[in-house]
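Step one of this worksheet: look at the structure below.
Remember, it's 1-based here, ligands and their atoms both numbered in the order they're listed.
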Amino acid sequence: MNQPSPLASWNGEIMPLTEVRVPVLDRAFLFGDAIYEALRVYEGRPFLVDEHMARLRRSLDQIRIEADVDRIERRLFELLERHPVRSGLVYLQVTRGVAPRTHYFPANPTEPNELIYVSPLDDDPHARHRETGVDVITFDDLRWKRCDIKSVNLLANCMAAQAAREAGCAEAILVAADGAITEGSHTSVFGVRDGAVMTAPLARNILPGITRSLVVELADRAGIPIREEPLSRDRLSEVDELFLTGTTAEVLPVTRVDDQPIGSGQPGEVTRQIAAAYRGHVADWLAGAPAPAR
Ligand code: PLP
């Protein structure tokens, strides 16, 4: 089936994504001086918009980019009204804008540049992985000390993801110098031991994942004990189950790490329970959410 092409809003002007042109002096191009978000679209409706907008606002504040987040949100809905996507992904990026190249923030920057685009997402390969589970590798966490800011500086994440791909794996889970697992290259990481779920506590060394936060809430509601404490690389052999979460991944069981099976080597029961709760939550939200205006 032919999928509709990605459609973009570039500073509020709607055009095919392929027609957007970015000035070379944009600080995102020169320095990676920009913040981004990625949101899932189910049945044409963007999921967890308030949560993504709150994280966007916080990241922008942390690096002192002044942008009108309410207007960005309005533009996101305008864009979706113009695109027939049902299952999709919205990518959104705000840069500090264009200025002569200096490392310090320019005194008189132009307006931030803002890109939002929507593209169709074929969930079938992800759905298959959610059933079978995936293999992952461990990889050194080479990133900076403010991973809580969702900046577009993703080189260390890209290197980790590439290493995973070359190993035939779906994701790389990142290991800090002290042996603690922080998160995945583009997912949050959870372990299960003796029926309790563990994940790294929110701090500057991980992204506050939107899916992570929903999963913590859903596990809590289901009466599954949750402990926000770091998992360590050395003690991975002691966990019964491992899973990843993310906007696209949703809840994704991990069956092998560095070629070693986790638990039985099959997706675990607690993971399945949480994945079902996640799907149920999306279905309930869809049943109650207003239909897209088109
Ligand atoms: N951790 C990192 C480093 C990420 O890049 C992402 C998503 O891109 C996540 C975790 C998952 O975050 P979310 O659940 O908000 O998609």
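- Residue pairs that meet the side-chain hydrogen bond (donor to acceptor under 3.5 Å, both in side chains) test with at least one member in residues 173-183, sequence neighbours left out, are Asp141-Thr182, Arg143-Glu183.
- Salt bridge status for Arg75 with Glu13: absent, with no side-chain N to carboxylate O gap under 4.0 Å.
- Look at Arg58 and Asp148 and you find a salt bridge, because one of the NZ, NE, NH1 or NH2 atoms lies within 4.0 Å of a carboxylate O, short of that distance.
- Closer than 4.0 angstrom to ligand 1 by heavy atom are Tyr36, Arg55, Arg143, Lys150, Asn157, Glu183, Gly184, Ser185, His186, Thr187, Ser188, Leu207, Gly209, Ile210, Thr211, Gly246, Thr247, sorted by chain and number.
- Contact check for Glu131 versus Arg272: side-chain heavy atoms found under the 4.5 Å cut-off.
- For Asp284 and Arg279, the salt-bridge test fails: no basic side-chain N is under 4.0 Å from an acidic carboxylate O.
- Relative to the ring axis of Phe77, Arg74 does not place its NZ or CZ within 45° and under 6.0 Å from the centre.
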